[in-house]
Q: 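Have a look at the structure that comes next, please.
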Amino acid sequence: MIVLRSSSRAMASAGGCLRRRQLMVAMVAVAAVWWGNGVAAELERFEQAINKADGSLRCLVVGDWGRKGAYNQSLVALQMGQVGETLDIDFVISTGDNFYSNGLTGVDDPAFQESFSSIYTAPSLQKQWYTVLGNHDYRGDVEAQLSPVLAALDNRWTCLRSFIVNAEFVDFVFVDTTPFVDKYFTEEDHAYDWSGVQPREAYLSNLLKDVDSALKESTAQWKIVVGHHAIRSAGHHGDTVELVAQLLPILEANNVDLYINGHDHCLEHISSPDSKLQFLTSGGGSKAWRGDVKPWNQEQLKLFYDGQGFMSLQITNKEINVAYYDVFGDVLHKWSTSKPSYSSF
């Protein structure tokens with residue numbers, strides 16, 4: 001059943017953090033050599049422990065947020081903190097566009113503190129943040145967001161172009177989607193930092209191969225892919241045709257369960273008519289676009305909400321539960337799916 005809504009109202013241990021920081025330093029150094037030469041490198045992998053007695057994994061998902069608290073970013077952060085405490089979350093996923101409007105100017109840009117560290121202050125949000133880059137991030141100094149310097153300033157921060165987070169029965173594959181979009185390479189109104197993705201054709205070819213390999217080799221019960229740009233969306237930007245042509249076939253061939261994105265400033269759930277794949281948009285971290293929705297098959301469009309908010313995932317070996325929340329913490333939409341219990345051992 002479709003839920004179409006309109007907004008009407010305005011730590012991990014020190015040792016674990018150190019190991020993650022060391023991994024990031026190594027990754028940045030290796031990526032500079034391998035990707036810079038157009039040579040494929042296996043995606044960096046992080047292990048996320050499952051510590052709850054019920055064996056579940058819980059996280060929040062937010063995107064398109066970095067506005068120094070403006071456009072209800074602070075209110076969304078407040079509700080994230082409360083929901084995060086109730087769920088006892090393990091980590092947070094950011095779907096990109098972390099700093100508006102033009103990314104960071106460098107590792108010393110105060111926007112990192114003003115839009116991230118000083119906003120998401122709730123105790124429940126002092127967990128690892130797994131972060132991808134959005135198109136607005138590419139308008140600034142991309143390497144600044146990837147730098148271990150930021151991770152040293154705030155040890156929650158984990159940002160790479162593309163990487164994997166493994167948590168026993170679920171693999172999250174994070175994909176750098178901005179370089180896929182053709183128009184960014186011809187726009188005259190904005191300048192982009194492409195220094196880490198040239199030559200573009202080789203970068204994209206290698207990335208697609210690495211994503212395909214990672215998904216094929218995965219023995220996880222659940223496969224979830226995260227990127228900034230939507231594959232399917234009824235929002236302002238709509239479908240990203242380059243991802244439909246290049247990434248979607250890989251997701252379908254490898255039986256991916258969820259594709260999670262931001263970019264459109266809304267909350268959205270679209271089901272696939274051709275596979276079990278679900279398209280989940282969580283781009284309501286700050287500024288939203290009220291009333292900007294395209295016609296869509298109502299059997300497939302389970303939720304479109306044009307206000308601010310965020311999403312939660314609760315995952316076990318048998319089940320995924322998804323919930324969307326508005327800026328007041330009210331639940332807008334729930335969805336779940338299940339599979340027979342599975343062991344990779």
Side-chain angles (χ1 to χ4, degrees), residues 43-50 55-63 87 89-96 127-134 158-177 207-208 210-233 240 243 247-263 267-272 275-283 302-303 310-324 333-339 342 344:
L43 298 180
E44 186 74 14
R45 181 179 293 269
F46 296 85
E47 301 296 328
Q48 175 67 46
I50 296 177
S56 68
L57 187 74
R58 306 169 194 172
C59 69
L60 301 182
V61 184
V62 66
L87 296 182
I89 62 168
D90 299 289
F91 59 93
V92 179
I93 290 173
S94 169
T95 58
K127 306 291 176 65
Q128 212 63 37
W129 282 57
Y130 297 114
T131 307
V132 292
L133 299 167
T158 300
C159 182
L160 293 80
R161 294 184 193 272
S162 301
F163 59 103
I164 301 168
V165 174
N166 172 259
E168 294 184 20
F169 47 75
V170 55
D171 275 342
F172 294 87
V173 180
F174 293 75
V175 180
D176 183 20
T177 61
L207 177 53
L208 289 169
D210 286 343
V211 170
D212 188 38
S213 295
L215 293 171
K216 277 186 168 59
E217 293 169 4
S218 173
T219 60
Q221 172 83 320
W222 305 101
K223 300 177 185 179
I224 299 173
V225 175
V226 180
H228 176 64
H229 293 78
I231 294 179
R232 300 295 187 194
S233 174
T240 306
L243 297 183
L247 183 60
L248 179 57
I250 293 174
L251 306 191
E252 291 179 333
N254 289 286
N255 298 312
V256 169
D257 298 284
L258 308 178
Y259 178 76
I260 299 174
N261 61 274
H263 195 47
L267 303 175
E268 193 172 5
H269 174 195
I270 294 177
S271 63
S272 173
S275 70
K276 66 179 181 180
L277 180 59
Q278 305 292 310
F279 303 99
L280 309 179
T281 297
S282 184
K302 307 299 184 183
L303 168 72
F310 57 98
M311 186 174 78
S312 70
L313 297 174
Q314 298 184 68
I315 309 173
T316 69
N317 196 22
K318 297 181 179 181
E319 190 173 38
I320 291 180
N321 288 281
V322 177
Y324 289 84
H333 173 63
K334 288 185 175 182
W335 176 84
S336 63
T337 187
S338 61
K339 294 180 182 180
Y342 168 81
S344 60

Q: Is any side-chain heavy atom of Asp171 closer than 4.5 Å to one of Arg45?
A: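 Arg45 vs Asp171: side chains touch.
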Q: Roughly how far apart are Asn317 CG and Gln221 CD, rounded to 0.5 Å?
A: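 These two atoms lie 5.0 Å from each other.
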Q: So do Phe174 and Val165 actually touch side chain to side chain, heavy atoms under 4.5 Å?
A: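 Sidechains of Phe174 and Val165: in contact.
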Q: State, with a plain yes or no, whether a side-chain heavy atom of Val225 is found less than 4.5 Å away from one of Leu215.
A: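 They are in side-chain contact.
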Q: Would you say the side chain of Gln278 lies within less than 4.5 Å of the side chain of Asp257, judging by non-hydrogen atoms?
A: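 No. Closest side-chain heavy atoms not under 4.5 Å.
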Q: Run the side-chain contact (heavy atoms from CB on, under 4.5 Å) check on Ser282 and Leu267 step by step: do they pass?
A: CA-CA 5 Å; Ser282 184; Leu267 303 175; 4.1 Å; yes
Q: Run the numbers on His229 and Thr177 for side-chain hydrogen bond (donor to acceptor under 3.5 Å, both in side chains), then give the verdict.
A: CA-CA 6 Å; His229 293 78; Thr177 61; 2.7 Å; yes
Q: Determine whether Ile315 and Phe169 satisfy the following criterion, side-chain contact (heavy atoms from CB on, under 4.5 Å), listing intermediate values before the conclusion.
A: CA-CA 9 Å; Ile315 309 173; Phe169 47 75; 3.7 Å; yes
Q: Looking at residues at least two apart in the chain, or sitting in another chain, which of them share a ring-ring contact (aromatic ring centres under 6.0 Å, His included) with Tyr259?
A: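 Expected list: none.
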Q: With side chains defined as the heavy atoms from C-beta onward, is the minimum distance between Leu277 and Ile231 less than 4.5 Å?
A: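 No, every pair of side-chain atoms sits at 4.5 Å or beyond.
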Q: Within the structure provided, determine whether Trp335 and Leu303 are in side-chain contact (heavy-atom separation under 4.5 Å).
A: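 Not touching, per the 4.5 Å side-chain cut-off.
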Q: Indicate whether the side chain of Asn261 and that of Thr95 have a donor and an acceptor atom separated by less than 3.5 Å.
A: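 Side-chain D/A pair, Asn261 to Thr95: absent.
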Q: Donor-acceptor check, side chain of Thr316 to backbone of Lys318, threshold 3.5 angstrom: yes or no?
A: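 Yes: the side chain of Thr316 pairs with the backbone of Lys318.
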Q: Could you tell me whether the side chain of Leu313 reaches within less than 4.5 Å of the side chain of Ile260, counting heavy atoms only?
A: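 Side-chain contact under 4.5 Å: yes.
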Q: Is a donor on one side and an acceptor on the other found under 3.5 Å between the side chain of Arg232 and the backbone of Phe279?
A: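 The answer is no, because no donor-acceptor pair under 3.5 Å joins these two groups.
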Q: Kindly compute the distance separating CG (Leu207) from CG (Leu43), expressed to the nearest 0.5 Å.
A: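 The CG atom of Leu43 is 7.0 Å from CG of Leu207, to the nearest 0.5 Å.
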Q: Could you tell me which non-hydrogen atom of Tyr324 sits nearest to which non-hydrogen atom of His269, and how far apart they are?
A: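 Scanning both residues, the minimum pair turns out to be OH-CB, 3.8 Å.
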Q: Short question: side chain of Ser275, backbone of Glu252 - any donor-acceptor pair under 3.5 Å?
A: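 No.
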Q: What about the rings of Phe91 and Phe172, do their centers lie closer together than 6.0 Å?
A: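 Judged by ring-centre distance (under 6.0 Å), Phe91 and Phe172 do meet the cut-off.
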Q: Applying side-chain contact (heavy atoms from CB on, under 4.5 Å), run through Met311 and Val322 and close with a yes or a no.
A: CA-CA 7 Å; Met311 186 174 78; Val322 177; 3.9 Å; yes
Q: Determine, stepwise, if the pair Leu243 / Leu248 fulfils side-chain contact (heavy atoms from CB on, under 4.5 Å).
A: CA-CA 6 Å; Leu243 297 183; Leu248 179 57; over 6 Å; no
Q: Considering non-hydrogen atoms only, spot the tightest contact between Lys334 and Ala323 and give its length.
A: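 Scanning both residues, the minimum pair turns out to be CG-CB, 4.2 Å.
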Q: Any idea which heavy atoms bring Ile320 and Ile224 closest together, and the distance?
A: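 Looking at all heavy atoms of both residues, the shortest contact is CD1-CD1, 4.4 Å.
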Q: Drop me the distance from Cys59's SG to Gln314's CD, to the nearest 0.5 angstrom.
A: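 Reported value, rounded in 0.5 Å steps: 9.5 Å.
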Q: Could you check whether any side-chain heavy atom of His228 comes within less than 4.5 Å of a side-chain heavy atom of Leu133, counting everything from C-beta outward?
A: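 Not touching, per the 4.5 Å side-chain cut-off.
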